[in-house]
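Notes follow once the structure below has been shown.
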2 protein chains.
Amino acid sequence: MIEAVQTERPTQEQRTDAMRARLLEATLDLIAEEGWAQTSTQKICKRAGVSRGAQTHHFPTKDSLLIAAVREIVARYQRDLDTVADDKNGDDWRLEQVFDFLWDACFEGNLLNCWMQVMVAARTDKALQPAVRETDSTALAAMRALGDKCEPRTGSRKTCAADLVELTVYLLRGMVVQSGVHPDQEERHRLFELWKKLAL
Amino acid sequence: MIEAVQTERPTQEQRTDAMRARLLEATLDLIAEEGWAQTSTQKICKRAGVSRGAQTHHFPTKDSLLIAAVREIVARYQRDLDTVADDKNGDDWRLEQVFDFLWDACFEGNLLNCWMQVMVAARTDKALQPAVRETDSTALAAMRALGDKCEPRTGSRKTCAADLVELTVYLLRGMVVQSGVHPDQEERHRLFELWKKLAL
DNA sequence: GCCATAACATACAGAACAGTCTGTTTGTAA
DNA sequence: TTACAAACAGACTGTTCTGTATGTTATGGC
């Protein structure tokens, strides 16, 4: 006797999760590829292969969908961060390793590009701003915590490591915006190495 | 005998200049206040008190207007830069003064906020990208030149001043985006002072 | 003064947009 | 199985958007 395959008839919760995931995925892809201004609910539905009725059922307004997308971006970034933190479990970080991780996470994939779109848009979009401020704060705190976990700094270079991490974050955010217009990544890497020499 | 007032009947060139100036002014205001995505030609015309016919006469497409606005942003920034440079004429800059000037120019007015909107939008707007890349390059070169004009650096701190200026620019760009969402300017200033201590 | 042309104004066309509505299918608990 | 609610689909509405086409006024060379 053949056992009925569970997935043949997905439960409602599974359907909801899958649908929301497809919509969020399409939203992030669109923000990355076409930019915030060109990201409409219609395009999102088309890209996700979802009817507009389904979209409005799960996200009744465009804002609610965008806010969910904002949280998804930071959730993914946090996941990357946790993964690396787990690998390092036990032994201390060196601050330089944190800097290099931030560099890598900044320029691989489109997460940071998406995030800059969101941050810039949030300045003039008051509906979006609270969610962006909140998620950005937690992400920033997580990155500062990475600095605190480093070996204590000695001698004349006893600047707070978390502050150095935060400076690095702002620097990299400026650079990732630059990278959208200027292709010369070599030059940026040279400058980042200079920054590391100054800070470490 | 009364001399005819020149301005009674403006020449065509004057009319064109005035109209273009009004449109660009309204465009920059809108980008600053409502953001790039919400900046439409209709709103621009309404704000400038200009008919849509006049706008399409001087800027036949939306792109042409936006590109002109892009150039205007950098032109204004350059003007600020020249003004300060003229005041300083003769005596050398100290690098710290350059840093402080960049900080002030970053957070007074909305020029830098506008510029970040433009840079972020240009990544996915191929029509905009060449103009943005070009104007940004010249502005960046002008700021690097400011670093070169400083007194030569001595001792162990003989890092290229222009590189330090460019790093500062990226850092400040990251910070100005942050300021659109997080209000705490004191904290940012504290971090900037830390950066100065490391770099100078 | 005259006429070509630039400067401006208004109306319209076609597309895209977000949101609402009604109807259909599917899961689930009684 | 039946009744109900959630999940999904598609059509429709009113608005806003950019670009264009047509008409009117002002300027400047002759």
Side-chain angles (χ1 to χ4, degrees), chain A residues 4-27 30-31 33-70 121 124-128, chain B residues 4-27 30-31 33-70 121 124-128:
Chain A
V5 183
Q6 271 192 345
T7 56
E8 221 177 351
R9 306 240 308 199
T11 141
Q12 292 206 140
E13 192 182 353
Q14 286 172 326
R15 293 209 295 175
T16 295
D17 289 348
M19 186 64 78
R20 288 177 59 101
R22 281 168 66 189
L23 283 168
L24 290 179
E25 181 74 32
T27 305
L30 267 176
I31 294 174
E33 289 176 21
E34 302 193 19
W36 183 265
Q38 275 65 45
T39 298
S40 68
T41 56
Q42 303 198 19
K43 286 186 189 172
I44 292 169
C45 291
K46 196 166 185 178
R47 177 161 197 135
V50 163
S51 71
R52 271 187 52 71
Q55 175 252 308
T56 57
H57 176 72
H58 293 287
F59 301 101
T61 68
K62 186 184 182 183
D63 274 344
S64 65
L65 173 53
L66 291 180
I67 288 175
V70 162
T124 54
D125 188 332
K126 299 307 174 190
L128 212 62
Chain B
V5 183
Q6 273 192 343
T7 57
E8 222 175 350
R9 305 236 312 200
T11 138
Q12 293 204 141
E13 192 182 353
Q14 286 172 329
R15 293 209 296 178
T16 296
D17 288 349
M19 186 64 78
R20 288 176 59 102
R22 282 167 66 189
L23 283 167
L24 290 179
E25 181 75 30
T27 305
L30 267 176
I31 293 174
E33 290 175 20
E34 302 192 20
W36 183 265
Q38 275 64 46
T39 298
S40 67
T41 56
Q42 299 196 20
K43 287 187 189 172
I44 292 170
C45 291
K46 195 167 186 177
R47 176 161 198 136
V50 163
S51 72
R52 266 186 57 69
Q55 174 253 307
T56 56
H57 176 71
H58 294 286
F59 300 99
T61 68
K62 185 184 184 184
D63 275 344
S64 64
L65 174 53
L66 291 180
I67 287 175
V70 163
T124 53
D125 188 332
K126 298 308 175 192
L128 212 62

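Heavy atoms only: backbone and side chains are in, while hydrogens, waters and symmetry mates are out. Residue numbers begin at 1 in each chain, while the letters A, B, ... track the order of the sequences.
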Legend entry - Closest non-hydrogen atom pair, B/S51 against B/C45: O-SG, 4.0 Å
Using whole Å, what does the distance between atom [atom2] of nucleotide [N] and atom [atom1] of [X] come to?
X	N	atom1	atom2	result
A/L30	C/dC17	CG	C1'	15 Å
A/R20	D/dA6	CZ	P	15 Å
B/K46	C/dA9	NZ	C1'	17 Å
B/R52	D/dT18	CZ	P	7 Å
A/I67	C/dA18	CD1	P	15 Å
B/K62	D/dT20	NZ	P	15 Å
A/I44	C/dG19	CD1	P	11 Å
A/Q38	C/dA16	CD	P	13 Å

Legend entry - Side-chain heavy-atom pair B/W36, B/L66 within 4.5 angstrom cut-off: yes
Inset, instruction - Report yes if some heavy atom in the side chain of A/T11 is under 4.5 Å from a heavy atom in the side chain of A/Q14; otherwise report no. - result: yes
Kindly give the atom pairs (protein nitrogen or oxygen, nucleotide nitrogen or oxygen) under 3.5 Å for nucleotides 6-8 of chain C.
from: C/dA7; atom 1: OP1; to: B/T16; atom 2: OG1; distance (Å): 2.4
from: C/dA7; atom 1: OP2; to: B/H57; atom 2: NE2; distance (Å): 2.8
from: C/dC8; atom 1: OP2; to: B/H58; atom 2: NE2; distance (Å): 2.6

Legend entry - salt bridge (charged side-chain N to carboxylate O under 4.0 Å, His left out) against B/R47, all qualifying residues, sequence neighbours excluded: B/D29, B/E33
Inset, instruction - Sequence neighbours left out, what passes salt bridge (charged side-chain N to carboxylate O under 4.0 Å, His left out) with B/K46? Give chain and number order. - result: none
Inset, instruction - Can you measure from CG (B/L65) to CD1 (B/I44) and round to the nearest 0.5 angstrom? - result: 4.5 Å
Inset, instruction - Only counting residues at least two apart or in another chain, list the ones meeting side-chain hydrogen bond (donor to acceptor under 3.5 Å, both in side chains) with A/E25. - result: A/R76
Inset, instruction - Return yes if some donor-acceptor pair links the side-chain N/O of B/K43 with the main-chain N/O of B/L30 below 3.5 Å, else return no. - result: no
Inset, instruction - Using a heavy-atom cut-off of under 4.0 Å over every strand shown, decide if B/T56 touches base, sugar-phosphate, or nothing. - result: base
Inset, instruction - Return the set of residues passing side chain to side chain contact (heavy atoms under 4.5 Å, CB included) with B/T41 (not counting sequence neighbours), or none when no residue passes. - result: B/R52, B/Q55, B/K62
Below 3.5 Å between N/O atoms, which protein atoms pair up with nucleotides 13-16 of chain D? Just atom names and distances, please.
none

Legend entry - Residue-phosphate contact under 4.0 Å: A/T41 side-chain N/O, C/dC17 OP1/OP2: no
